[in-house]
Amino acid sequence: MSFPLLTATAALPAVGAIVTAAVPAARRTAAKWLALLFSLATLVLAVVVAVRFDPDGERYQLTESRSWIADFGVRYELGVDGIGVALIALTALLIPFIILAGWHDADVLETKSSRWRPTQGFFALILAVEAMVIISFEATDVFLFYIFFEAMLIPMYFLIGGFGDRAHAGSDENASAQRSYAAVKFLLYNLAGGLIMLAAVIGLHVVAGNFSLQEIAEARADGSLDMATNTERWLFLGFFFAFAVKAPLWPLHTWLPNAMGEATAPVAVLITAVVDKVGTFAMLRFCLGLFPEASKWATPAILVLALISIIYGALLAVGQRDIKRLVAYASISHFGFIILGIFAMTSQGQSGATLYMVNHGISTAALMLVAGFLISRRGSRLIADYGGVQKVAPVLAGTFLIGGLATLSLPGLAPFVSEFLVLVGTFARYPAVGIIATLGIVLAALYTLVLYQRTMTGPVKPEVASMPDLKVRELAVVAPLIALLIVLGVYPKPVTDLVNPAVEHTMSDVQKKDPKPEVEAAK
């Protein structure tokens, strides 16, 4: 029997979470290093998965299958396509940076009580989330996917509510109440989506007789499974609703600004760069894979919602006074682009959407983590409390600028390629939608450059006059992310070569071909 590589990749951070949580209270530095080492080991396994994956081979590779709950047809089935490999690599790459960036975030909660070990708990919860996200990208059994899709809410709830941001104006009681509100709102929204999805999962089993993604797809292809039109549409809506909450798509997005605003910067990155990608990934794998006809039926409405997310998120980002909430609304706009690319039903759009998931994760991590370093120095999230930072902390300001320029998709940085592909793919089939979506680019330039101008330029405010520049640990977090933004902006081919075959399979599932250009042949 071959080595279960996919299981090991998901299990290693889970084991790390248990080991880190068990470290004695007085050894919190040891707990930090253990968490970092487990995250780096997971990254090594993710690289092995990427190396062993053959983009030109079978659709799902490195597969594992075991009987689990035989009476209900539930199996422990894992397998990865190119999209799953790319997102596993993204997750494993970002977690070490998240741990390094949050190195001291739980220290403020330390007490003399030997029972309360916030440092151990903080890093253990991050590793637990990593394990659940990775197995969600690997699961090809719908019920197995559902379990971890929901289970990741529990550690995220505690990370938001128990280890939230302390850079608050007002009393500690008010800050604590806001963190609790954000955590509960996050949990309730996602639980509501999950409960609706559970009903759809049960309905799928009633119709198909099993939960295996591959078996259901094969049964649909050979005609042995023929879903009634209304049944398929209702099941699609149940799945899509849960994924749209997680993504998040307007109008199901309102939990995200609260959660990102009240979480620490590393946890905010964990939310939007890692956890939320499960929603858009699942739209590709499950919505389009299981319900192709219903996906095409729902496309016009979803394109409208994606457009609203793009424009609405960008407009609200322009008007924000809070740095972290600005990044949150910008992310809502970016997720609108991702969903637009998925449902444009073109190979360019879906390749761009998948590449956007990767590039958005890196660019948001760079911008939010530098913003977190900035906020920790000043003790405030309000844009108005800053000014002239580039004169006292030029490296911090420079990395903040590059992260911001990546967010507005400047040519030469990674997000530009993915956003360009999404717009080209959308315009090829829906020209009007593609034209309207470009407004999001204009607004992105506005909110990004205004944010930089108000925080980094102008006269030096007295409160930031003695602000230190980035330290070695902080540079170790930011520099590799900046380098990746530049490398993937200039040479995205390794990622596109990985995901394009998977996109072709998805296009085949929905029986769509790219529209031919309406250009007269040259005479």
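The figures here come from the full heavy-atom set of this structure, side chains too, leaving out hydrogens, waters and symmetry mates.
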Candidate pair Thr280 and Ile339, rule side-chain contact (heavy atoms from CB on, under 4.5 Å), full reasoning | CA-CA 7 Å; Thr280 47; Ile339 295 169; 4.1 Å; yes
Could you please spell out the steps behind the side-chain contact (heavy atoms from CB on, under 4.5 Å) verdict for Met197 and Phe241?
-> CA-CA 7 Å; Met197 181 183 169; Phe241 182 84; over 6 Å; no
side-chain contact (heavy atoms from CB on, under 4.5 Å) between Met368 and Met260, intermediate numbers included | CA-CA 10 Å; Met368 179 59 86; Met260 287 185 66; 3.4 Å; yes
Please test Tyr312 against His253 for ring pair (Phe, Tyr, Trp, His ring centres under 6.0 Å), starting from the C-alpha separation and ending with a verdict.
-> CA-CA 11 Å; Tyr312 171 86; His253 68 285; 5.1 Å; yes
Assess whether side-chain contact (heavy atoms from CB on, under 4.5 Å) is satisfied between Leu340 and Tyr430, documenting all intermediate values.
-> CA-CA 10 Å; Leu340 186 70; Tyr430 304 101; over 6 Å; no
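The distance from atom OG of Ser333 to atom CD1 of Ile441, rounded to the nearest 0.5 Å, is 9.5 Å. Rounding to the nearest 0.5 Å gives a distance of 8.0 Å between CH2 of Trp250 and OG of Ser309. With rounding to the nearest 0.5 angstrom, the CG atom of Asn190 is 5.0 Å from the CG atom of Leu153. Rounded to the nearest 0.5 angstrom, Ser295 OG and Phe239 CZ are separated by 11.5 Å. Note: Leu127 CG to Thr42 OG1 = 7.0 Å, rounded to the nearest 0.5 Å. In this structure, CG in Asn258 is found 4.0 Å from NZ in Lys185, a value given to the nearest 0.5 Å.
For Gly289 against Pro292, the heavy-atom pair with the smallest separation is O-CD, 4.2 Å. Scanning all heavy atoms of the two residues, the minimum distance from Ala41 to Leu12 falls at CB-CD2, 3.4 Å. Summarising the geometry of Leu488 relative to Ala414, their closest heavy-atom pair is CB-CB, 3.7 Å, with the distance given to 0.1 Å. In plain terms, the two heavy atoms of Val422 and Gly352 that are nearest each other are CG2-C, 3.6 Å. Nearest approach of Ala89 to Ala46, heavy atoms of both residues: CA-CB, 4.4 Å. The two residues Val48 and Leu5 come nearest to each other via the heavy atoms CG1-CD2, 3.8 Å.
Looking only at distances, a side-chain donor or acceptor of Arg429 sits under 3.5 Å from a matching main-chain atom of Met345. Between the side chain of Ser508 and the backbone N or O of Glu504, no donor-acceptor pair lies under 3.5 Å. Looking at Thr407, its side chain does come within 3.5 Å of a backbone N or O of Gly403 through a donor-acceptor pair. Formation of a donor-acceptor pair under 3.5 Å by the Lys246 side chain with backbone atoms of Lys277 is not found in this model. Remark: the backbone N or O of Asp54 is paired with a side-chain donor or acceptor of Gln61 at under 3.5 angstrom. Although no hydrogens or angles enter the test, the distance criterion places a donor-acceptor pair under 3.5 Å between the side chain of Thr346 and the main chain of Gly425. No donor-acceptor distance shorter than 3.5 angstrom exists from the side chain of Thr140 to the backbone of Leu213, with no hydrogens or angles considered. Here the side chain of His205 pairs no donor or acceptor atom with the backbone of Val201 at under 3.5 angstrom.
In this pair, Phe286 and Phe243 present their aromatic rings tilted. The plane angle is within the 30 to 60° band. Relative orientation of the Phe143 and Tyr146 rings is tilted, given thresholds of 30° and 60° on the angle between their planes. Between Trp255 and Phe186, the two ring planes are perpendicular [angle over 60°; tilted spans 30° to 60°].
Donor-acceptor pairing under 3.5 Å is lacking for the side chains of Gln350 and Thr506. With hydrogens and angles left out, the side-chain atoms of Tyr76 and Thr7 include a donor and acceptor closer than 3.5 Å. Using a 3.5 Å distance cut-off with no hydrogens or angles, the side chains of Ser212 and Glu77 do pair a donor with an acceptor. One side chain, Thr254 or Tyr189, offers a donor N or O that lies under 3.5 Å from an acceptor on the other.
Residues Met132 and Val278 are not in side-chain contact: their nearest non-hydrogen atoms beyond the backbone lie 4.5 Å or more apart. Counting only heavy atoms from C-beta outward, the side chains of Asn359 and Val495 never approach each other to under 4.5 Å. In this structure, the side chains of Phe148 and Leu144 come closer than 4.5 Å at one or more pairs of heavy atoms. Between Phe97 and Val269 the shortest side-chain heavy-atom distance does not fall below 4.5 Å. Side chains of Ser347 and Asn500 form no contact here, defined as non-hydrogen atoms less than 4.5 Å apart. Side-chain contact between Glu130 and Ile126 is absent, with no heavy-atom pair separated by less than 4.5 Å. Side-chain contact between Thr426 and Gln348 is absent, with no heavy atoms from C-beta onward closer than 4.5 Å. Leu408 places a side-chain heavy atom less than 4.5 Å from the side chain of Leu449.
Evaluated for a side chain to side chain contact (heavy atoms under 4.5 Å, CB included) with Met156, the options Val274, Val267, Leu125 yield exactly one hit, Val267.
Enclosure of atom CH2 in Trp68 by more than 12 non-hydrogen atoms of other residues, nucleotides or ligands within 6.0 angstrom is indicated. Counting non-hydrogen atoms of neighbouring residues, nucleotides and ligands closer than 6.0 angstrom, the CZ atom of Phe420 reaches no more than 12 such neighbours. In this structure, Phe427 places its CZ atom where only 12 or fewer heavy-atom neighbours from other residues, nucleotides or ligands lie under 6.0 Å away.
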